[in-house]
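For reference, the structure discussed in these notes is given below.
Within every chain, numbering begins at 1; the chains are lettered A, B, ... in the order of the sequence lines, protein sequences first and strands thereafter. The figures here come from the full heavy-atom set of this structure, side chains too, leaving out hydrogens, waters and symmetry mates.
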Number of protein chains: 2
Amino acid sequence: MQLAGSKGACSDCSLFSLCLPKGLDDEHVRRLDEILQRQRPLRRGDVLFREGDGFRAVYAVRAGALKTYTISRDGEEQVTGFHMPGEMIGLDAVSLGEHPCEARALETSSICEIPFPELEELARAIPDLQRQLLRLMSKEIFQDHEMLHALARRNAEERLAILLLNFSERFARRGLSATRFRLPMSRSDLSNYLGLAPETMSRLFRRFQEQGWLHSRGKEITLKEPASLERLAGHCQERPCGRPTLSGPSSAD
Amino acid sequence: MQLAGSKGACSDCSLFSLCLPKGLDDEHVRRLDEILQRQRPLRRGDVLFREGDGFRAVYAVRAGALKTYTISRDGEEQVTGFHMPGEMIGLDAVSLGEHPCEARALETSSICEIPFPELEELARAIPDLQRQLLRLMSKEIFQDHEMLHALARRNAEERLAILLLNFSERFARRGLSATRFRLPMSRSDLSNYLGLAPETMSRLFRRFQEQGWLHSRGKEITLKEPASLERLAGHCQERPCGRPTLSGPSSAD
DNA sequence: CGATGGTTTGACTTACCTCAAGAACAGTGG
DNA sequence: CCACTGTTCTTGAGGTAAGTCAAACCATCG
């Protein structure tokens with residue numbers, strides 16, 4: 001898997017298809033991959049796009065992790081999302097025609113650029129793709145609503161529990177352990193995202209650790225009692241679809 | 001404008017086109033209106049769809065107002081949005097295939113149902129429509145991010161200021177006064193949406209009134225010093241696009 | 001190695017919630 | 001039109017979760 005220059009068809013990665021709910025057949029995936037542009041890898045701290053940049057493409061994360069955030073007039077930032085491999089960035093820019101947020105690599109990351117005009121064109125040709133694209137955006141709306149709920153109604157402990165389980169699920173979906181993982185972002189990014197002070201975040205981790213619910217050493221997290229976290233996350237996390245829980249003897253790692 | 005039965009082409013309302021950013025030509029709007037289904041008007045408290053209902057259509061509000069909300073396991077509700085004439089409901093259901101929230105009329109409301117399969121089909125045939133549809137969903141994501149920011153970083157006063165200005169703008173877009181309007185929802189719906197206690201909402205209105213920033217009599221609101229509200233909303237409300245502000249000698253009413 | 005920025009910890013403050021009691025309001029039926 | 005009833009709204013008193021401030025600690029990195 002040689003990492004070539006900044007451009008060129010990205011034929012070895014059908015990564016984009018990972019971002020989309022299943023249902024596209026192989027031929028379609030091939031045509032998709034043809035329009036992908038590979039970018040040179042980003043290093044920790046590198047900016048993928050800035051707020052106000054013209055919107056030309058969406059981006060699929062191949063490896064690493066990024067955060068997106070807006071910057072308010074007084075310079076403070078608000079983290080709007082974390083983006084892991086197999087996830088998509090930039091869909092919120094379609095409407096304005098420019099990026100309403102900034103995207104920055106949390107660690108060395110590899111990105112596929114998907115020029116949007118081509119994607120739209122292809123979606124017209126492939127009904128399935130159109131459907132998947134709409135589904136993808138809808139999912140983001142839906143997840144934002146869950147997050148709104150968390151911020152509006154849940155206390156600090158519940159918010160952290162929800163977030164940890166969310167990450168756990170996302171790691172698991174990539175075939176990684178659901179109970180042992182490395183959070184690529186800083187505590188202050190986490191706290192910022194959850195609408196809390198960094199100090200509160202720190203105290204929460206300590207409390208969770210004292211309860212024996214998890215072990216955290218820097219960015220390395222081990223969930224020891226996912227069931228307790230799920231009880232906390234409780235109400236709001238219940239999904240209509242029978243998503244498997246982590247509780248009980250975990251199959252992970 | 002005779003209100004017919006529950007079905008039939010809704011040719012007098014090109015309302016759906018209102019929901020979409022401008023840019024569709026007349027012929028397209030006509031074809032769109034052909035697939036619209038008119039629903040019998042909803043009365044205050046009527047449910048448009050429930051959480052978990054199968055997703056078959058999205059809905060455009062013609063008149064009145066609705067709220068959408070999720071219900072957590074313990075029965076408490078979280079308002080996820082208010083929907084005014086010219087706005088769309090149900091886009092968050094595309095991904096799951098069922099509605100993740102419940103929609104209820106806040107007052108007597110008239111709704112157009114837009115069967116989603118037909119809409120997708122039409123979007124395939126009309127590239128412009130496809131683009132507008134994507135743009136519409138993107139806008140919702142973008143607005144949710146703004147709301148996330150508000151809930152995470154702003155205090156109670158700022159949240160209310162932001163919300164009031166938001167409504168003001170939405171009324172203005174419909175050609176109504178930006179400074180005198182009637183909020184169709186209860187104080188507790190407002191507070192719920194903003195992640196506050198109803199009591200706090202009540203105190204906020206009093207405080208704003210004491211400051212002379214607005215006059216409120218029940219659901220009737222008069223903004224007297226939009227500039228002060230804008231100062232409060234401040235940082236987060238600044239949009240890159242030069243959206244006209246309300247401050248200065250208002251042109252409204 | 002010291003410099004820099006993230007993290008932890010403690011002491012203190014405060015914005016908002018909770019609880020509880022009235023007041024205003026909206027239906028509903030006489 | 002007026003009582004009657006159930007909501008929604010308002011107001012006050014008091015408690016608490018989380019923020020702020022400040023200092024110590026720790027990792028990373030030139």
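Checked against ring-ring contact (aromatic ring centres under 6.0 Å, His included), B:F171 has the following partners two or more places apart in sequence or in another chain: B:F181. A:E77 is linked by a salt bridge (charged side-chain N to carboxylate O under 4.0 Å, His left out) to A:K67, counting only residues two or more places apart in sequence or in another chain. Not counting sequence neighbours, B:H83 has no partner by the ring-ring contact (aromatic ring centres under 6.0 Å, His included) test. Partners of A:E140 by side-chain hydrogen bond (donor to acceptor under 3.5 Å, both in side chains), not counting sequence neighbours: none found.
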Original post:
What one-letter contact string describes nucleotides 14-24 of chain D from 5' to 3', where B marks a base within less than 4.0 Å of any protein heavy atom, S marks contact via sugar-phosphate atoms alone, and - marks no contact?
Top reply: ----SSBBB--
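Salt bridge B:R231/B:E225: absent, no basic N to carboxylate O contact under 4.0 Å.
For the pair A:L106 CG and C:dG6 P, the interatomic distance rounds to 13 Å; values are reported in whole Å. The nearest whole Å value for the distance from the CZ atom in A:R43 to the C1' atom in D:dT28 is 15 Å. Atom CD of B:E220 and atom P of C:dA26 are 11 Å apart (whole Å). When the C1' atom of C:dT7 is taken as reference, atom CD1 of A:I221 falls 13 Å away, rounded to whole Å. Look at CZ on A:R44: it is 13 Å from C1' on C:dT4, rounded to the nearest Å.
Between B:F55 and B:H99, the ring planes lie perpendicular to each other; the angle is over 60°, past the 30° to 60° tilted range. Ring geometry for A:F167 against A:F82 counts as tilted: the plane angle lies between 30° and 60°, on a 0 to 90° scale.
An OP1 or OP2 oxygen of D:dT7 is reached within less than 4.0 angstrom by no side-chain nitrogen or oxygen of B:S186. OP1 and OP2 of D:dT10 both lie 4.0 Å or more from every side-chain N or O belonging to B:R206.
Helical stems in DNA chain D, defined as runs of 3 or more consecutive Watson-Crick or G-U wobble pairs with donor-acceptor distances under 3.5 Å: C:1-5 with D:26-30, C:7-30 with D:1-24.
Under a cutoff of 6.0 Å and an axis angle of 45°, A:R104 and A:Y69 do not form a cation-pi pair.
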